[in-house]
Amino acid sequence: MEVEASENFEVENVRATLTYPQHAILGEGSIWSDTDQVLYWIDIEGKKLFIYNPKTNCNQEFGLSDLPGTVVQRTNGELLISIRNGITSFNPHTKEFKVMVHPNTVGNNRYNDGKCDPQGRFWVSTMSLEQDNPPKASLFKINHDFHSEKVFDGVRIGNGLVWSIDQTKFYYIDTPTLNIDEMDFNAAQGTVSNRRHCISFENRGFGFPDGMTIDSEGKLWIAHWEGGRVTRWCPITKKLLLTVTVPNVSRVTSCAFGDADLQTLYITTARCDGEPDSGSLFKYRFTNGIKGNAAFKFQG
């Protein structure tokens with residue numbers, strides 16, 4: 001049964017700070033590399049991959065052939081980018097691109113958010129570039145041998161996805177539903193079942209749930225498109241625990257814990273007229289023990 005957060009529950013509110021003024025059209029897909037100590041992120045509409053180094057405050061960029069959805073790291077050091085024309089491996093040193101697999105067959109869909117599970121498989125959603133009814137997007141799983149499987153369809157805008165710390169639950173956002181859904185996860189088989197609503201954002205005034213990450217305590221962090229914030233939730237009690245406000249920016253798209261101790265929350269945003277800092281990279285540094293987890297890498 002879904003439980004609403006108590007109206008009388010006092011929620012801590014902190015403010016993120018601008019860390020790099022990139023002004024991406026649609027900044028997204030943030031993920032921290034524990035091996036390279038950099039933040040990978042993308043500009044979907046700008047067709048760019050970014051590599052942000054906080055030590056040098058340098059944001060390296062690479063042009064892409066088509067619209068990207070997200071980026072993850074491979075165990076061989078290369079990157080896996082979900083570009084509209086295929087799931088593509090990219091070597092940042094040689095600048096070599098290679099399409100590895102292309103499970104999407106719906107012409108007006110593109111790849112959107114995705115992450116690797118604890119077993120090193122890559123899960124990636126699609127979204128429709130039109131308002132299809134019924135919805136025609138899907139969630140796919142890319143195995144280590146690059147064989148792809150459709151996990152489920154009926155998706156409109158597949159977005160944030162994470163696995164619980166004990167690897168028994170899978171959390172998923174289909175943005176227009178205004179819900180975080182929870183499913184049982186079979187780690188050995190890489191399957192999900194028993195889908196149900198976990199947290200609802202309907203009538204909260206938080207905008208739309210977009211990207212998502214999970215911290216070391218198993219709490220969920222949600223970026224809110226048109227909501228100007230990132231929120232922290234307990235998936236067990238369904239309570240809102242903390243809000244990170246992104247000042248003067250409405251379109252907050254993704255979040256990822258980074259830095260050597262994983263205690264800095266990096267936040268991507270999208271450009272919006274009348275918001276000079278929109279599209280930039282923001283961060284909030286925690287000093288109270290809140291930290292993230294090392295991102296899983298693709299083992300293929």
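- Side-chain atoms of Asp277 and Asn248 form no donor-acceptor pair, as typed in the model, at a separation below 3.5 Å.
- Here Asp43 does not pair with Arg271 in a salt bridge; the nearest charged N to carboxylate O distance is not below 4.0 Å.
- Shown here are the ring pair (Phe, Tyr, Trp, His ring centres under 6.0 Å) partners of Phe282, two or more places apart in sequence or in another chain: there are none.
- By the ring pair (Phe, Tyr, Trp, His ring centres under 6.0 Å) test, Phe50 is found to be paired with Trp41, residues two or more places apart in sequence or in another chain being considered.
- In terms of the ring pair (Phe, Tyr, Trp, His ring centres under 6.0 Å) criterion, residue partners of Tyr52 (sequence neighbours excluded) are, by chain and number, Tyr20.
- Distance CG/Asn179 to OG/Ser200: 4.5 Å, rounded to 0.5 Å.
- Ring pair Phe185/Phe170 is tilted by interplanar angle, where 30° to 60° counts as tilted.
- Residues Arg195 and Asp181 are paired through a salt bridge, judged by an N-O separation under 4.0 Å between the basic side chain and the carboxylate.
- No chain of hydrophobic side-chain contacts below 4.5 Å, direct or via other Ile, Leu, Val, Met, Phe, Trp or Tyr residues, connects Trp123 to Phe298.
- The closest donor-acceptor contact from the side chain of Lys98 to the backbone of Phe90 lies at 3.5 Å or more, if one exists at all.
- For Arg74, the salt bridge (charged side-chain N to carboxylate O under 4.0 Å, His left out) partners at least two apart in sequence or on another chain are Glu78.
- Evaluation of the side-chain hydrogen bond (donor to acceptor under 3.5 Å, both in side chains) test over residues 290-300, restricted to residues two or more places apart or in two chains, returns Asp34-Lys297.
- Closest approach of Thr269 and Ser278 over heavy atoms only: OG1-C, 3.9 Å.
- Salt bridge annotation for Glu182-Lys169: absent, with no cationic side-chain nitrogen under 4.0 angstrom from a carboxylate oxygen.
- Phe206 is linked by a ring pair (Phe, Tyr, Trp, His ring centres under 6.0 Å) to His224, counting only residues two or more places apart in sequence or in another chain.
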